[in-house]
Amino acid sequence: MTRTQGDAVPPEASFSLDHFIGLYEAKDDPWDNETKWSDQRKYAVAMASLPRARYRSAYEPGCAVGVLSVMLAARCDAVLAVDCVDEAVAQARTAVDKLSHVRVERALLPAELPDDTFDLIVIGDLLYYLSAEDLALMLDGVLARLEPGGDLLVAHFRDRENPGGYDGFNVHAEVAARPELDRLVHHEDEWFVVDVFRKRDPDLD
Ligand SMILES: C[S@@+](CC[C@H](N)C(=O)[O-])C[C@H]1O[C@@H](n2cnc3c(N)ncnc32)[C@H](O)[C@@H]1O
């Protein structure tokens, strides 16, 4: 099924913390991030799409069990990975326990955004759980913390079975509409969408 921009709307309210806690109570790795082939491909495409070989400091909201956090750690001097569920934070901490430059914290977004700024922000399969209001707050907050010239990578699942669902294609259109971003990379296939945007640097304009 081909999705089109605007063929769906965000949820009325952001998915609740209890919803995600319940998923982790039911299953250690609720989305099979460790093993699912479409996720392995998504992570490989995401990592290959990052334009720079190295980044100073990355922020990864919604890190889940930390599969992508480990990959980012190989390209970044520091990584802050966060998730709203304690169980996810515990599993991600285990995944990175030998990587002293990676910090995993609990944070419910968009309310608990970090104080720091970053030259890389990576958001995977998170934005479509947010209401329109929270999505706008999240993008405002993320873009305020992305340094000029820094890169924002977004990677989201495409929902091909539920035409009304707010899927990756539609979420990415919201990100692309932000005037402070230039799109550097766009990948879409039957399973997922990956985009890399660079924040304009006013000193270079
Ligand atoms: C589908 S998983 C994403 C996994 C990984 N980022 C990826 O791209 O494969 C979504 C994760 O986001 C977390 N999450 C959902 N809503 C959140 C919110 N408002 N604030 C922080 N984390 C959230 C969930 O607990 C879950 O671990």
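Being a predicted model, the structure only gives us computed values, none of them experimental. Atoms within each ligand, like the ligands themselves, are counted from 1 in listed order.
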ask   = Are any of the heavy atoms in Phe15 under 4.0 Å away from ligand 1?
value = no
ask   = Is the shortest distance from a heavy atom of His156 to ligand 1 less than 4.0 Å?
value = no
key: Polar atom proximity, Val85 to ligand 1 (N or O, under 3.5 Å)   = no
remark   = closest protein heavy atom to atom 17 (C) of ligand 1 is Leu126 CD1, 3.5 Å
inquiry  = Counting only heavy atoms, tell me which of Ala155, Ala107, Ala88 gets closest to atom 21 (C) of ligand 1.
reply    = Ala107
task = Consider every N or O of Trp31 and every N or O of ligand 1, then say whether any pair is closer than 3.5 Å.
result = no
ask   = Looking only at atom types and distance, does a side-chain atom of Asp29 sit under 3.5 Å from a main-chain N or O of Glu34, one as donor and one as acceptor?
value = yes
task = Give a yes-or-no answer on whether the side chains of His172 and Glu174 include a donor-acceptor pair shorter than 3.5 Å.
result = no
key: For Tyr24, the ligand 1 atoms whose distance to one of its heavy atoms is below 4.0 Å   = 25 (O), 26 (C), 27 (O)
inquiry  = Please check: side-chain N/O of His156 versus main-chain N/O of Asp167, any donor-acceptor pairing under 3.5 Å?
reply    = no
request  = Test ring pair (Phe, Tyr, Trp, His ring centres under 6.0 Å) on Phe118 and Tyr55 and set out the steps.
outcome  = CA-CA 9 Å; Phe118 305 88; Tyr55 290 89; over 10 Å; no
inquiry  = I need the single residue from Lys199, Arg198, Arg200 that forms a side-chain hydrogen bond (donor to acceptor under 3.5 Å, both in side chains) with Asp182. Which is it?
reply    = Arg200
Atom indices of ligand 1 within 4.0 angstrom of Lys42 heavy atoms, with elements = 7 (C), 8 (O), 9 (O)
Identity and separation of the nearest protein heavy atom to atom 10 (C) of ligand 1 = Asp125 O, 3.5 Å
ask   = For atom 11 (C) of ligand 1, which candidate among Asp83, Asp86, Leu113 holds the nearest heavy atom?
value = Asp83
query = Which one of Tyr43, Tyr129, Phe157 has a non-hydrogen atom at the shortest distance from atom 9 (O) of ligand 1?
reply = Tyr43
request  = List the closest protein heavy-atom neighbour of atom 22 (N) of ligand 1: residue, atom name, distance to the nearest 0.1 Å.
outcome  = Cys84 N, 3.3 Å
request  = State plainly whether the residues Glu105 and Arg93 are in salt-bridge range, i.e. N to O under 4.0 Å.
outcome  = yes
ask   = Taking everything shown except Glu133 itself, do over 12 heavy atoms lie less than 6.0 Å from its CD?
value = no
message = I need the Phe20 CZ to Ser14 OG distance, nearest 0.5 Å.
response = 8.5 Å
ask   = What atoms of ligand 1 come closer than 4.0 angstrom to any heavy atom of Asn33?
value = 4 (C), 9 (O)
note = If we number the atoms of ligand 1 from 1 as shown, the ones under 4.0 Å from a heavy atom of Phe20 are 15 (C), 16 (N), 24 (C), 25 (O)
ask   = Under 3.5 Å between some N or O of ligand 1 and some N or O of Leu109?
value = yes
task = Could you tell me whether Gly124 and ligand 1 have an N or O pair separated by under 3.5 Å?
result = yes
key: Nearest non-hydrogen protein atom, atom 5 (C) of ligand 1   = Gly62 O, 3.6 Å
ask   = Quick one: does Arg56's side chain have a donor or acceptor within less than 3.5 Å of a partner on Leu120's backbone?
value = no
request  = Provide the number and element of each atom of ligand 1 under 4.0 Å from a heavy atom of Ala64.
outcome  = 4 (C), 27 (O)
inquiry  = If the test is side chain to side chain contact (heavy atoms under 4.5 Å, CB included), which one of Asp189, Val193, Val171, Asn170 qualifies with Arg158?
reply    = Val193
query = So, do Phe157 and Trp31 sit near enough that their side-chain heavy atoms are less than 4.5 Å apart?
reply = no
